Amino acid sequence: MATPATAGATMTLDDAGNTLRLAGDWTLAQFTRLQPQTERLGKRAAGRRLDLSGIQRLDSAGALLIATLLQQGELSLAQIDGASAEQQALIKATLATLRPVSHPPLRRWSDFLHRVGQASMELLDQVRRLLGFVGQVTATLPGALLRPRRWRLTSLVHHIEQVGLDALPIIALLTFMVGAVITFLGAVVLRDFGASVFAVELVSFSFLREFGVLLTAILLAGRTASAFTAQIGAMKSREEIDAIRTLGMDPIQVLVIPRLLALLVALPLLTFIAMVCGILGGLVICAMSLDISPAMFLARFQDTFEIRHFIVGMIKAPVFAMVIGLIGCLEGFKVSGSAESVGQRTTSSVVQAIFMVILLDAIFALVFQELGW
Amino acid sequence: MSGSDDLVIQVRGLVNQFGSQRVHDGLELDVRRGEILGVVGGSGTGKSVLMRAIVGLREPDGGSVRVFGQNLQALPAARRRQVERRFGVLFQDGALFSSLTVGENVQVPLREQYPELDGRQRDMLSDLKIGLAGLPADAADKYPSQLSGGMRKRAALARSLALDPDILFLDEPTAGLDPIGAAAFDQLLGTLRDALGLTVFLITHDLDTLYTICDRVAVLADKKVLVNAPLHEVEAFDHPWVQDYFHGPRGRAAQAASSRQPSTPAAQNETRTPPL
Ligand SMILES: Nc1ncnc2c1ncn2[C@@H]1O[C@H](COP(=O)(O)OP(=O)(O)OP(=O)(O)O)[C@@H](O)[C@H]1O
Ligand SMILES: [Mg+2]
């Protein structure tokens, strides 16, 4: 390295000549050591001259210390001897930056109340914004749906691919495995009653009514809501959303509607596939370890199948799609300038979306039970 | 004076390529110790890419880059960090950490390299750099998203100065600054160079900056450095782009402005009041 053997920086008070002699390397590396020394000198620097002729290297950290010396002793640049023109210029520039700076005061206990209040207001504000956003989207959506020319087909197809097609393998695999596990567990319990054939009803019921749509929605809540938030959030933090506005377009039209429509198309389709794969998982397990042949499984499935189970499952799909899409997009719009806030909003959108999906599913279950479906 | 000891940066036969697009093809560049080198060239000629290649953010597709006589790509990680510590880099779009305040941004490298500094000392140093960069003191507690475009530039400059680097890489530092601020910036750069012996690699489109503080100017065109010489030689260089650049209306205005003032950078530093 170019750093020569660091000549230790020194500061000596020469009482006879009434000067303060500085010598050595006044650099950042010596700052921790020198700063307390110069501070302790304080007012005693007053009325003296500074002799810098012994200084070998001076950087801006060293210049800062010299400038504070000057300030504390109320000295001017004229009281400096032995400094080169460059060093003088640097000290002068440094001196100009010395202003009383007030950093925010330390935290106090009353800040706690302040934060509680702030959090409550934020919560209220969030609810207000969610409602406002839902309102805005509902106002825009029918108009967009009625005019196919406003569908932004390219964007729509792109999102359907991302939301639907790309999620297909994982959803198929996941539901296949869950179907297999449920069938197996059910069969183990039912076998004791000699009723293992009811495992067929178990898996078909549960997948048609609940698991098909629920697993799909939860997976998309994790996969798609987060993607929407991150995409829109990154655009928001780079002022792209403002650019869309000033170009005379409506961000909801351009960004939200295609995403919502894509989810509305993809989620029911994926739900159907999830149902099929779950039941298929049951079929495979039945054939492999329960001595129920595929033919028997399918015959039993046909006998017991009722369309209302399928409808109960499917009817929930568009609702979940709306919830996931709305939360994902809204959280994206809430992003503020920093990169950190994109991360925070993404987490929050996934948590909210999964929570809402499960909550709504429970409400649906109650309602359908009351209806006797 | 041009012994190879004096060459802080040596670029030899540099090739940079994105897919089939060749940005640099056999580019050669020398930067001498203690000089302010102005790098000019049309948009998209690869100035930023050249800077990234020199500071080691981009592995070149051919040729070599030596900084302080060492090839960064070939050094072991620890030695390489030691060299990198002597760089100060200002990216074209600032690249401030958006989740930290300006003060904290400046303190990041201090914290990392000088853990022995206590909080108050770090505050002192970051306030100094923020002041030197020409920001008001209250900017220290603001987040980058709360600053204006020009102020973000200055904040990024403050961070690049945090460790008192030996080489400063600046990518269009005065773009987006008001002319008075830009002039003050030029002057600050001169002061720092004279006092700290800085070497500055300065990418700029600002003709006034070239005329006031640059010791030499390198022109990037046709995937190479066309010339790398003092300004008056570059002005006379026979190439259509160079001629348009320096003898177009803006070039002439800047030239006229600079001839009205004392011409050597050092002289200017003494006559004008220091910055900001
Ligand atoms: N990551 C990348 N991938 C592909 N091409 C790139 C990449 N970075 C730069 N380029 C290309 O390299 C060329 C040079 O880019 P560079 O950013 O260096 O231009 P520049 O000279 O800095 O221009 P400006 O003055 O506008 O900043 C451009 O044509 C650009 O498209
Ligand atoms: Mg560039």
Side-chain angles (χ1 to χ4, degrees), chain A residues 1-3 25-36 38-39 55 57-68 77 83-106 234 236-239 335-344, chain B residues 33 68 79 82-83 85-86 97-100 103 110 113-138 140-141 143-147 161-166 187-188 190-198 266 269-270 273-276:
Chain A
M1 303 275 314
T3 353
D25 281 355
W26 281 62
T27 56
L28 183 53
Q30 307 284 337
F31 191 81
T32 8
R33 213 166 51 72
L34 290 172
Q35 192 268 333
T38 52
E39 188 156 62
I55 286 191
R57 284 162 24 105
L58 179 71
D59 68 5
S60 62
L64 173 64
L65 293 177
I66 295 173
T68 41
L77 281 171
S84 64
E86 293 85 33
Q87 290 174 342
Q88 288 258 10
L90 181 64
I91 295 169
K92 199 164 163 193
T94 311
L95 205 53
T97 70
L98 285 185
R99 281 158 295 200
V101 185
S102 57
H103 283 280
L106 291 176
K236 175 88 191 289
S237 69
R238 275 182 279 141
E239 298 183 332
V335 165
S336 62
S338 71
E340 195 185 353
S341 111
V342 178
Q344 280 170 352
Chain B
R33 191 180 300 282
F68 302 117
R79 297 264 297 118
Q82 250 176 10
V83 177
R85 190 181 306 182
R86 299 166 67 186
F97 303 122
S98 55
S99 50
L100 303 179
L110 288 173
Q113 309 292 350
Y114 294 94
E116 69 272 16
L117 293 171
D118 66 30
R120 213 173 71 76
Q121 292 173 335
R122 274 201 305 268
D123 279 345
M124 281 175 75
L125 288 167
S126 66
D127 288 343
L128 164 69
K129 303 294 145 101
I130 289 167
L132 279 179
L135 284 172
D138 63 359
D141 296 319
Y143 287 91
S145 58
Q146 299 169 326
L147 299 179
L161 290 174
L163 293 177
D164 279 311
D166 290 339
Q187 204 171 352
L188 165 68
T191 309
L192 290 175
R193 190 269 311 264
D194 294 337
L196 310 177
L198 269 179
N269 288 321
E270 283 167 12
T273 44
L276 315 164

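Letters go in sequence order (proteins before strands), and every chain restarts at 1. Being a predicted model, the structure only gives us computed values, none of them experimental.
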*asked:* Need one label for A/S84: side chain, backbone, both or neither, based on atoms under 4.5 Å from any heavy atom in chain B.
replied: neither
_Contact between B/D127 and A/L64 at the side-chain level, heavy atoms closer than 4.5 Å - yes or no?_
no
*With chain B, which of A/L58, A/L90, A/D59 has the greatest number of heavy-atom pairs at distances under 4.5 Å?*
A/D59
*Selection from B/L192, B/L117, B/L161, B/L128 maximising heavy-atom pairs under 4.5 Å formed with chain A*: B/L128
*Side chain, backbone, both or neither: which part of B/L100 has a non-hydrogen atom closer than 4.5 Å to chain A?*
neither
*Spatial distance of atom CG (B/D194) from atom CD (A/Q87) [nearest 0.5 Å]*: 11.5 Å
*asked:* Using 0.5 Å steps for rounding, measure from the CE atom of B/M124 to the OG1 atom of A/T97.
replied: 9.5 Å
*Taking it one step at a time, do A/T32 and B/Y114 satisfy side-chain contact (heavy atoms from CB on, under 4.5 Å)?*
CA-CA 9 Å; A/T32 8; B/Y114 294 94; over 6 Å; no
*Proximity breakdown for B/S145 and chain A, heavy-atom pairs closer than 4.5 Å*: side chain
*So which heavy atom on A/S60 is nearest to which on B/K129, and how close?*
OG-NZ, 3.0 Å
*So do A/L28 and B/Q113 actually touch side chain to side chain, heavy atoms under 4.5 Å?*
no
*Do the non-hydrogen side-chain atoms of A/E39 and B/R120 ever get within less than 4.5 Å of each other?*
yes
